Protein chains: 2
Amino acid sequence: MKIGELSRRTGVPARMLRYYEEQGLLRPDRAGNGYRDYPPSAVDRVRQVRGLLDSGLTTDIIRRVLPFLEKPTDLHVHPECVTPELVELVRAEADRIKARIDCLSRNHDAIRAYLDAVTERLRHTAS
Amino acid sequence: MKIGELSRRTGVPARMLRYYEEQGLLRPDRAGNGYRDYPPSAVDRVRQVRGLLDSGLTTDIIRRVLPFLEKPTDLHVHPECVTPELVELVRAEADRIKARIDCLSRNHDAIRAYLDAVTERLRHTAS
DNA sequence: GTTTGCCTTCACACTGATGTGAGGGTTTCA
DNA sequence: TGAAACCCTCACATCAGTGTGAAGGCAAAC
């Protein structure tokens, strides 16, 4: 699929898809005329990248953890490329992600509780 | 407490504490000499702001949801200030936060699974 | 075959969060 | 009294992610 269609399907501007490629997050091949050619799986990949970006990860971090994000069943990262340093780095990033989850969860719960209290109050005054 | 101490206690540069104030996230009062004077509760407040910032929220959003984040027991936002529009806005932001949590959770689980598979593999080859 | 639309690269601009330093007042302590 | 360590404001710089537009090639449709 060409960049325009991927853009329409994901809602991500073509400009950004080119940027993500420049950052090593996407690797479309090229048709004979130079046009980018994305596999259907790119749609999910783009959504995943967007989600992580929205959650405060940098393209640099995302590029590093991306290989660890697909089917966990069998390792498709060559085992000899997985240095202890890399594992440590990824583990540290996982911890930071966990911290984000905890922080967001706490705040989400607080907001929901507040919202519930407000609507409850409204129900009361209405009756 | 003065800005230097708050900075030391939170690990956030004084520059940033001034910036958060400019963005309406902190409201220290001023001593006679113009120095900022923070209450002890500012430590937690700063940590909360940092966590949300790291999780991809903007200072603008944080400022808006901050009043909804404290003790949910009794509403200390004047009920008459809580317009339906504001409630809707906060609800929408809560949904976006939920989406972030889900995205991060999925990816965190995938990374952990990968990490576990790798260490398992290492345990095997070691034996 | 020309128009229309999508693609290419390049480049400059903006925004939000942050770093950094200048220039100057205040507190503390020797 | 002077030095060190705070604090203040102001302003310019940087970085990542994005927006936008120019200049031009390719493709499908009239």
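From a predicted model like this one, the values you see are computed outputs, not experimental measurements. Below, chain A is the first sequence line, B the second, and so on; all start at residue 1.
- R8(A) has its CZ atom 13 Å from the P atom of dG5(C), to the nearest Å.
- Within 6.0 Å of the CZ atom in R27(A), the count of heavy atoms belonging to other residues, nucleotides or ligands does not exceed 12.
- Atom CD1 in I3(A) sits about 12 Å away from atom C1' in dT9(C), given to the nearest Å.
- Distance Y38(B) OH to dC7(D) C1': 11 Å, rounded to the nearest Å.
- Nearest-nucleotide positions on DNA chain C for G4(A) and Y35(B) put G4(A) closer to the 5' end.
- A salt bridge links R64(B) and D60(B); the closest N-O separation between the charged side-chain nitrogens and carboxylate oxygens is under 4.0 Å.
- DNA chain C is contacted by R15(B), M16(B), Y19(B), Y20(B) of residues 15-28 of chain B, taking any non-hydrogen atom closer than 4.0 Å.
- Put simply, the side chain of R63(A) gets close to the backbone of Q23(A): a donor and an acceptor are under 3.5 Å apart.
- Distance alone, capped at 3.5 Å, is enough to place a donor-acceptor pair between the R100(B) side chain and the D54(A) backbone.
- Under the 4.0 Å criterion applied to side-chain N and carboxylate O atoms, R18(A) and E21(A) are not assigned as salt-bridge partners.
- For the pair R91(B) and E88(B), the salt-bridge criterion is met [side-chain N within less than 4.0 Å of a carboxylate O].
- Across all non-hydrogen atoms, the minimal contact from M1(A) to P39(A) is CE-O, 3.7 Å.
- Regarding R36(B), its CZ atom lies at a distance of 16 Å from the P atom of dT26(C), rounded to whole Å.
- Put simply, the side chain of S55(B) never gets that close to the backbone of S55(A): no donor and acceptor are under 3.5 Å apart.
- Applying the 4.0 Å criterion to OP1 and OP2 of dG25(C), one finds that N33(B) has every side-chain N and O outside that range.
- Note on R30(A): only backbone sugar-phosphate atoms sit closer than 4.0 angstrom, heavy atoms only; bases stay farther off.
- Spacing between atom NZ of K2(B) and atom C1' of dA5(D) amounts to 10 Å, rounded to whole angstrom units.
- Counting heavy atoms from C-beta outward, D102(A) and K98(A) have side chains that approach closer than 4.5 Å.
- Looking at residues 44-63 of chain B, you'll see that no heavy atom sits under 4.0 Å from any atom of DNA chain D.
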